[in-house]
Structures are given as structure tokens and as C-alpha cells.
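Below, all heavy atoms of this structure are taken into account, side chains as well, without hydrogens, waters or symmetry copies.
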Amino acid sequence: MEGMISVDEWKEGSQLYFLTHLHSDHMKGLSSNWNKGPLVCSPITAKLFPYKFTDFDLSLLRVLEIGPTYSFSLLSPFSQLETEVQVTLIDADHCPGSVMYLFRGDKFKCRLYTGDFRWEATSERALLAKTKLLNALGNDTIDYLYMDNTYCNPLYSFPPREVIAQQVIDIIASHPEHDVIIAVNTLGKEDLLLRISRALNIKIWVRPERLQTMRLLGFGDIFTTNRSLTRVRAVPMYSFGIKTLEELNVLSTLEDYKALLIRPTIGILPSGLPWLMRGSNENDYSCGSDKSNIAAVPGAQVHKCKQVEGSSSFTKIGRYIYSLPYSDHSCFDELQEFIKLVQPLSLKGIVLSEHCNVDPCHYLGHLCKPDQVTEQPRKKLPRKDKPVVGCSKSFKRKKYMKFCKVRRSRVSLLRRLRCGAKITESVTAGCSISDS
DNA sequence: GCGATCAGCT
DNA sequence: CACAGCTGATCGC
């Protein structure tokens with residue numbers, strides 16, 4: 001597709017550019033002074049777009065609906081002759097506005113670029129996406145599948161988001177006297193917040209920028225920037241950590257801070273990432289009973305805990321953080337199901353990190369449709385990637401230590417204050433900005 | 001002084 | 001060695 005189209009890449013020289021979703025790792029290189037050509041995106045992405053890039057020339061956006069097939073005329077870079085490309089958008093269910101792109105055309109063969117996606121067998125949305133994808137494909141075979149390989153390893157196994165969301169709700173409900181902070185990024189995990197709000201009949205505090213986003217998405221009424229209206233706050237990852245939670249819980253015991261409404265607080269870390277650190281040995285950083293290895297990890301205690309109901313489990317990081325595998329990326333089983341469904345002739349990962357991600361062909365190549373002419377040899381794992389299968393203990397420990405490391409910088413504390421993790425500053429900020 | 005890029009952090 | 005993303009330092013214009 002060189003010289004014709006590019007997806008989530010913004011180098012000079014393409015005739016059409018495609019954006020899968022509004023996360024910064026897929027927008028690296030996009031800026032307000034964009035002038036390289038038309039940029040295709042979904043309606044929701046287009047709605048949020050001007051708030052990410054304030055001076056962007058919106059006449060360059062090409063907004064396509066999910067479902068229908070569109071046709072574009074391009075110039076073949078070699079023959080200089082006109083050639084058509086058909087494009088269909090499929091819901092990727094990764095974050096608001098996220099889509100996959102299905103390309104077809106003489107010069108293109110049939111290519112599916114998933115972007116980041118979650119493929120939950122039980123979800124209404126995935127079923128709908130599945131129908132639309134199969135409809136769009138018809139009898140065509142996918143020649144090239146470019147797939148989200150974030151969790152492309154059998155080790156990465158986690159339940160649907162709905163299940164984890166209920167576990168989060170249970171944790172919050174079992175701490176009725178606590179404030180709760182939930183780590184979220186600028187876009188994504190809205191469904192978790194909505195479920196919490198609905199189940200517990202409570203508003204969710206967010207930063208003003210995030211409130212703006214939620215309003216655009218139509219969820220404005222359940223979010224607030226007024227601290228006094230709720231005990232549940234969604235805060236950015238970077239203002240969330242063991243140290244912050246420790247501070248909040250120490251301050252909540254001091255008389256002086258009671259006036260500032262600082263209460264005992266728990267943290268919820270809804271992320272696939274801490275799960276990665278466990279590697280093949282489930283017990284590396286957990287302690288089933290009292291035989292803990294916490295001494296080896298100064299400043300942090302990690303307990304694997306069975307929840308009251310027995311069916312759900314979570315990991316505790318430190319005394320106050322509950323970590324749960326709520327992921328906006330497909331787990332391994334879902335990737336496997338996806339490949340079985342679309343049966344591509346060839347498969348390529350889109351997560352480019354050379355170190356921690358395995359060539360998806362290693363685990364999933366055998367599910368691709370055998371093709372006599374272009375069959376790819378089963379790819380060997382690069383040497384570097386092998387430890388992923390069971391990240392070495394020392395490696396995981398190093399990672400873990402890094403995560404738990406206590407920050408001492410005053411500046412960063414102030415930053416965290418501003419971001420809602422702490423109340424001291426937000427008491428005034430929160431009230432003055434409070435939603436009208 | 002500004003944007004792009006990178007290092008560092010959670 | 002990073003789901004995503006902020007901040008601050010540095011470099012080139």
C-alpha cells in the first residue's frame with residue numbers, strides 16, 4: 001500500500017490516511033498543522049478530534065460510517081493509472097470511535113487492519129461486528145491480516161469486561177465508607193465507569209477535560225467535576241500509585257484533614273498490564289496464605305486474594321490498590337477465535353515493540369488458511385522474545401519494583417494533587433469548576 | 001520561543 | 001522491554 005494509503009502512520013507520500021482510534025500511540029506524528037492529505041476516521045473519532053487537535057483543518061477529515069462500503073479513487077504510484085480501493089469500517093470495541101479497516105481493490109488485494117480491538121464472544125457489540133464483518137467480506141478471503149497482538153500469547157487469559165466490571169462494583173460496594181479512585185486514561189474504559197455509576201447509583205468524578213469528552217459521547221449527566229457529589233473518582237494513571245494511596249489514607253486519620261473531606265481511600269487499577277508481570281508462575285508475586293515474599297519487594301505487598309463469593313479474584317498491590325484484568329485489548333483466546341473466523345492467508349502484528357511481543361504467527365499461524373502459493377514458513381521466535389513465555393523472575397521483579405517505587409518529588413505530588421488523586425487542591429478547584 | 005523527540009515515570 | 005499518556009529536558013529552527 002506504499003504510496004497509496006497508510007493506517008495509523010503519518011509519513012509523507014500517501015494519498016489517503018486512516019486513523020483507527022484516538023490513543024496517542026496511534027497518533028504519533030499527527031498534529032494540528034496536518035497537511036499531508038485526507039484523513040479517514042469514524043464518526044465518533046471525528047466528533048472528538050477537534051478537541052485533541054484544536055487548529056486541525058477539519059475539511060481534511062473524511063468521516064465514514066461503520067458498516068457500509070465506500071469507494072475511493074487513487075493513483076497507482078507506478079503506472080500512474082487510476083485504481084479503486086473499497087473501504088469498510090468495523091467496530092473494534094477498544095475505545096470510543098475505534099474501528100478496524102477492511103480494504104479491497106485490484107492493487108490492494110484484501111487486507112484487514114484491526115487496530116487495537118477487543119473481541120468478546122459474549123458481547124452484543126462483538127456479535128454485531130462479526131455479522132458486519134462477514135457481510136462485508138462476502139466470499140473474499142483476507143490476504144493480509146494486520147492484527148492487534150498486544151496479548152498474543154496463551155498466557156494472557158482474562159474474562160470479559162462485563163465480569164470484571166461486576167467485580168469492581170462488588171469491591172466498591174464492600175467499602176461503603178471509602179473514597180475510591182479508579183485509574184483510567186483519556187479515552188477508554190467508559191463502560192466500566194458507566195456500569196459502576198448505574199449499579200451503585202452514583203456519579204463519577206472526572207477532570208474537566210474528561211467531562212468534556214464524556215459530554216460529547218452523551219454520558220455527561222453521570223459524570224461530574226464536583227468532588228462533593230461523589231466518593232468515586234476516575235483519575236489518570238500518572239496520578240495513581242501506591243504512594244498516593246498511602247498518603248491519602250494517612251491524611252484521612254488526621255484531624256486537620258477531616259475538614260478537607262479526606263477519607264480512607266482505595267484504588268482500582270483496571271488493567272491487563274499488572275497481569276503481565278505474573279508470567280507463567282501464578283504465584284510469583286502472590287501469597288496464597290501467610291507465606292508471603294513481600295520482604296523481597298520493599299515498600300509493597302502483593303496479595304492474591306479470593307473474594308468473598310469465591311468465584312472472582314483480584315490482586316492487591318500494596319494495602320489499598322485492587323488490580324483487576326479489565327482490558328480493552330483482546331485476550332489470547334479471543335485473538336484465536338478471531339483468526340478462526342476470518343482465516344487470513346497471512347498474519348502480521350501491529351504492535352511494533354520488538355521486545356515484549358511475539359510474532360503472532362508463532363501461536364496463531366497454524367490457524368491461517370493454508371495457501372499453496374504464498375504460504376509463510378512458521379515463524380520462529382526471535383531470541384529476545386522467548387522470555388515472554390515465562391518472563392524471568394528477575395525481569396518481573398525489576399518491573400514490579402519499578403511499579404512500586406516510591407516517588408519523592410514534590411512537583412510530582414503537586415501534579416498528582418491536580419489530577420484528582422488528592423483532595424486538598426480539588427476542594428476549591430472542584431467546586432469552582434463544578435458542572436453547571 | 002516553539003515544535004518535535006526522547007527519557008522517565010505510573 | 002509498556003495498555004496509554006503526562007511532564008520535563010533537550011535539540012534544531
Side-chain angles (χ1 to χ4, degrees), chain A residues 8 10 20-34 52-53 55 92 94-96 98 115-118 148-153 156 158 161 164 181-189 192 207 209-210 213 234-246 267-277 279 299-300 317-318 321 323-331 350-358 381-389 391-392 394-421:
Chain A
D8 292 351
W10 320 108
T20 60
H21 65 288
L22 284 172
H23 279 156
S24 59
D25 53 333
H26 291 254
M27 300 189 294
K28 227 174 263 174
L30 260 190
S31 65
S32 282
N33 47 31
W34 171 262
K52 287 263 179 194
F53 301 104
D55 297 327
H94 169 72
C95 71
S98 65
D116 291 347
F117 77 112
R118 181 96 205 237
D148 173 11
N149 54 318
T150 306
Y151 293 124
C152 190
N153 184 312
Y156 303 145
F158 37 76
R161 285 170 291 193
I164 303 300
I181 62 175
I182 305 170
V184 295
N185 286 316
T186 53
L187 197 60
K189 305 193 165 52
L192 172 64
R207 302 180 64 196
E209 309 89 277
R210 182 91 191 192
T213 304
V235 308
M237 255 311 266
Y238 62 85
S239 69
F240 183 100
I242 290 178
K243 182 76 183 331
T244 310
L245 268 298
E246 301 264 340
I268 305 281
L269 184 56
S271 159
L273 192 54
W275 248 243
L276 300 182
M277 296 187 291
I317 301 174
I321 297 179
S323 168
L324 299 98
Y326 185 100
S327 170
D328 285 328
H329 294 268
S330 299
C331 66
I350 59 169
V351 180
L352 298 171
S353 148
E354 305 127 42
H355 304 289
C356 240
N357 288 284
V358 175
L381 277 182
R383 231 174 112 252
K384 268 184 175 174
D385 288 336
K386 286 192 176 164
V388 166
V389 177
C391 280
S392 76
S394 65
F395 168 69
K396 272 181 292 179
R397 177 142 305 161
K398 229 159 63 187
K399 246 181 162 177
Y400 190 77
M401 298 277 284
K402 212 170 160 187
F403 182 80
C404 296
K405 202 170 149 191
V406 171
R407 298 188 68 176
R408 292 188 166 74
S409 151
R410 284 194 164 273
V411 181
S412 78
L413 175 60
L414 279 175
R415 192 181 303 155
R416 281 176 286 140
L417 287 169
R418 257 184 279 125
C419 295

Problem - A/Y238 side chain, from C-beta outward: closest of C/dC3, C/dA4, C/dG5 - result: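 Minimum distance to the A/Y238 side chain belongs to C/dG5.
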
Exercise for the section: With the side chain of A/H23 defined as its heavy atoms from C-beta on, choose the nearest nucleotide among C/dA4, C/dC6, C/dC3. Expected result: C/dA4

Exercise for the section: Would you please say whether a donor-acceptor pair under 3.5 Å links the side chains of A/H23 and A/D116? Expected result: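 On atom types as modelled, these side chains do not qualify, holding no pair under 3.5 Å.
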
Nearest-angstrom distance from the residue atom [atom1] of [X] to [atom2] of [N]:
X: A/R207; N: C/dG5; atom1: CZ; atom2: C1'; answer: 11 Å
X: A/D116; N: C/dA4; atom1: CG; atom2: P; answer: 5 Å
X: A/E209; N: C/dA4; atom1: CD; atom2: C1'; answer: 16 Å
X: A/L187; N: C/dA4; atom1: CG; atom2: C1'; answer: 11 Å
X: A/L269; N: C/dA2; atom1: CG; atom2: P; answer: 18 Å
X: A/M27; N: B/dT5; atom1: CE; atom2: C1'; answer: 16 Å
X: A/K28; N: B/dT5; atom1: NZ; atom2: C1'; answer: 10 Å

Practice task
Under 4.0 Å between any heavy atoms, over every strand shown, what does A/D328 touch: base, sugar-phosphate, or nothing? Just pick one.
Solution key: nothing

Practice task
Classify the nucleic acid contact of A/H26 as base, sugar-phosphate or nothing, counting any heavy atom under 4.0 Å across all strands shown.
Solution key: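 It contacts nothing in the nucleic acid.
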
Problem - A/H26: ring pair (Phe, Tyr, Trp, His ring centres under 6.0 Å) partners, not counting sequence neighbours - result: A/H21

Problem - Contacts of type ring pair (Phe, Tyr, Trp, His ring centres under 6.0 Å), residue A/Y326, not counting sequence neighbours - result: none

Handout entry: Phosphate-side-chain proximity, A/H329 and C/dC3, N/O vs OP1/OP2 below 4.0 Å
Key =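 For C/dC3, neither OP1 nor OP2 has a side-chain N or O of A/H329 closer than 4.0 Å.
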
Problem - Check: C/dC3 base within 3.5 Å donor-acceptor of A/S327 side chain - result: no

Handout entry: A/K28 and A/D8 ion-paired at < 4.0 Å
Key =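 No, no charged N to carboxylate O under 4.0 Å.
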
